[in-house]
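Lettering of chains follows the sequences in order, A, B, ..., and the numbering in each one begins at 1.
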There are 2 protein chains.
Amino acid sequence: MKVLIVEDDPLHRSYLHEAVSAALPECETVIEAESGTMGEKLARDHRSAHVVMDLQMNNRNGIEAARTIWKERPDTRILFWSNYSDEAYVRGVSRIVPDGAAYGYVLKSASDERLKLALRSIFVEAQCVIDREVRGMQQKSLGQTRGFSDSEYEILIDIALGLTDRAIARRRGLSLRSVQNRLQQLYEKLDVYQTASDDHEDSRFNLRARAVTVAMLRKLLNYSALERAESELAEWLKQV
Amino acid sequence: MKVLIVEDDPLHRSYLHEAVSAALPECETVIEAESGTMGEKLARDHRSAHVVMDLQMNNRNGIEAARTIWKERPDTRILFWSNYSDEAYVRGVSRIVPDGAAYGYVLKSASDERLKLALRSIFVEAQCVIDREVRGMQQKSLGQTRGFSDSEYEILIDIALGLTDRAIARRRGLSLRSVQNRLQQLYEKLDVYQTASDDHEDSRFNLRARAVTVAMLRKLLNYSALERAESELAEWLKQV
DNA sequence: GTAGATGATGCGGGAACCTGCAAGACGCGC
DNA sequence: GCGCGTCTTGCAGGTTCCCGCATCATCTAC
């Protein structure tokens, strides 16, 4: 077995290296990449079937790297190892995992044992292993009660990018009023009205900008999600 | 000498511990805190004069922790050790450092030597040590050519928080038109107009929201800056 | 002192945003 | 079919935002 490690922090990289060696005696070679782009290249060159991937990296985001790797070989097994369980990351990962692929999501705060167990489960048994905390996030996100539907998330991203109502309408193939409807839903769910209609009605928020910030603070959005959305937007702008 | 380490990642914490022991033989005790709040408490209890502080932490941000530590004892020497040289962090740090205090800012990507040298310079010689890259950021920020003045930064934060023009005017003691003037300056500097007035004038951006996102992508703003701004806002809202 | 630069303020208008009301469209269960 | 809920769309209105034009105060340089 050959394992590819993609992680830009040298400390964490060597820690992972040791963990992999310890957990997988059948693994002969461990390759290391220190950025997302490097990871893609090495995965291609070595036809890696087993990857451990950091999510937050400077050069190229782990989600991006995973996406191109999976596009080339969808049966690659990838273990995501991340500091955070932000909804933005969790959602980003589950958007790109191919049908039937084995993958895992383990937090860096997890114990040695948990990490090693996850390594064996995914790489040897081809089982999916999702950290409990992350799992909870998924439930909340996919469940309809307090979570966000895809359409709501979509429009959240659109206003975060700074698009006009009209631009959103064209991009998503909706009428202007529908866009505004979804915005109202979003405002409702994000609870942006709280301090808005106070005693005197002047201490008000700009709902659109406020929604983005609240989403940020609640970790529905984060930097890397913005980055991805921005590049998708640029692509779309080119087409039109 | 006694050194307090505030860092939430166990790997980095133990690495720091070793580096401190190696660089400072005169240091008898090393204390570790795994969160900002914990760091504040330990600094208070032990009257720490020498602190190594991570900036990005889950529980309580390094800047917040440093602020309360410096408020209680302004002659504390703090070495910030961070992954990033985001303008948001650099600006955040230089806003809170007391007059004449010795502090340092070293990136985690720096070499062992650099870190140890910085430790000696700050804790023994009471010199300020700022990483070159960070320094460059400071220059760009304080210099007026491409950088942002304080007033522009202020208004950037205000719209990021989602305040109305009117609310900003009251908060900053300005007229409505002045606020809008500054907004125009900001839009100019952030170059938000680029794709705005394209061929047909409908593929447009909402300048206000777009400005925030562009600032995010350029790392003028980041999560922790938002967090701080949000709590300051909450305080201000209580007063009024 | 005069001229020029910078910044704060007021006014007005056009565009974008937010929302209440109401009419269709679609699917689902009975 | 019929009723119900959800989603979409249009219209109208009030509010907020964006900005050009103009005035005034302050400060600097010559």
**Report entry** Phosphate-side-chain proximity, B:Gln185 and C:dT6, N/O vs OP1/OP2 below 4.0 Å
**Finding:** no
**Report entry** Steps toward side-chain hydrogen bond (donor to acceptor under 3.5 Å, both in side chains) verdict (B:Thr164, A:Asn206)
**Finding:** CA-CA 5 Å; B:Thr164 331; A:Asn206 174 333; over 6 Å; no
Report task. Would you please classify the geometry between the A:Trp81 ring and the A:His12 ring as parallel, tilted or perpendicular, with 30° and 60° separating the classes? Result -> perpendicular
Requested in this report: On DNA chain D, check which nucleotide each of A:Val179 and B:Ala209 is closest to and give me the residue with the more 5' one.
Outcome: A:Val179
Query raised in the report: B:Ile159 has an atom CD1; how far is it from atom C1' of D:dT16, in whole Å?
Result: 14 Å
Report task. For the pair A:Glu125 (side chain) and A:Gln127 (backbone), establish whether a donor and an acceptor sit closer than 3.5 Å, ignoring hydrogens and angles. Result -> no
Requested in this report: To the nearest Å, give me how far apart CZ (A:Arg210) and C1' (D:dC17) are.
Outcome: 19 Å
**Report entry** 5′-ward residue of the pair B:Asn206/B:Gly173 relative to DNA chain C
**Finding:** B:Gly173
Report task. Starting from P on D:dC11, measure out to CG on A:Leu176 and report it in whole angstrom. Result -> 12 Å
Requested in this report: Remember a base hit wins even if backbone is also touched, and classify B:Arg172 as base, sugar-phosphate or nothing at under 4.0 Å, heavy atoms.
Outcome: nothing
Report summary line: When rounded to whole Å, the CG to P distance for the pair A:Leu183 and C:dA16 reads 15 Å
Query - Gap between atoms CG and P, on A:Asn181 and C:dA23 respectively (whole Å) - result: 16 Å
Report task. Could you state the atom-to-atom distance from CD1 of B:Ile168 to P of D:dC18 in whole Å? Result -> 10 Å
Report task. Look at the side-chain N and O atoms of B:Arg204 and state whether any lies under 4.0 Å from the OP1 or OP2 oxygen of C:dA15. Result -> no
Requested in this report: Please evaluate the base of C:dG20 for a donor-acceptor partner in the side chain of A:Arg177 within a cut-off of under 3.5 Å?
Outcome: yes
Requested in this report: Respond yes when some side-chain nitrogen or oxygen of B:Ser175 is under 4.0 Å from OP1 or OP2 of C:dA8, and no when none is.
Outcome: no
Query raised in the report: According to a strict under-4.0 Å criterion, is B:Tyr193 in side-chain N/O contact with OP1 or OP2 of D:dC19?
Result: yes
Query - Distance, rounded to the nearest Å, where B:Glu152 contributes CD and C:dA8 contributes P - result: 11 Å
Query raised in the report: CG of B:Leu186 versus C1' of D:dC19: gap in Å, rounded?
Result: 15 Å
Requested in this report: Show the numbers, then the answer: is there a side-chain hydrogen bond (donor to acceptor under 3.5 Å, both in side chains) between B:Asp8 and B:Ser35?
Outcome: CA-CA 5 Å; B:Asp8 62 347; B:Ser35 76; over 6 Å; no
Query raised in the report: For the side chain of B:Gln180 and the base of D:dC19, is some donor closer than 3.5 Å to an acceptor across the two?
Result: yes
Query raised in the report: Taking the inter-plane angle between the rings of A:Tyr84 and A:Tyr89 on a 0 to 90° scale, is it parallel (under 30°), tilted (30 to 60°) or perpendicular (over 60°)?
Result: parallel
Query raised in the report: Which nucleotide in the set C:dA16, D:dC19, C:dC18 lies at the smallest distance from any side-chain heavy atom of A:Tyr187?
Result: C:dC18
Requested in this report: Compare side-chain N and O positions of B:Thr164 against OP1 and OP2 of D:dT16 and report whether any pair is under 4.0 Å apart.
Outcome: no
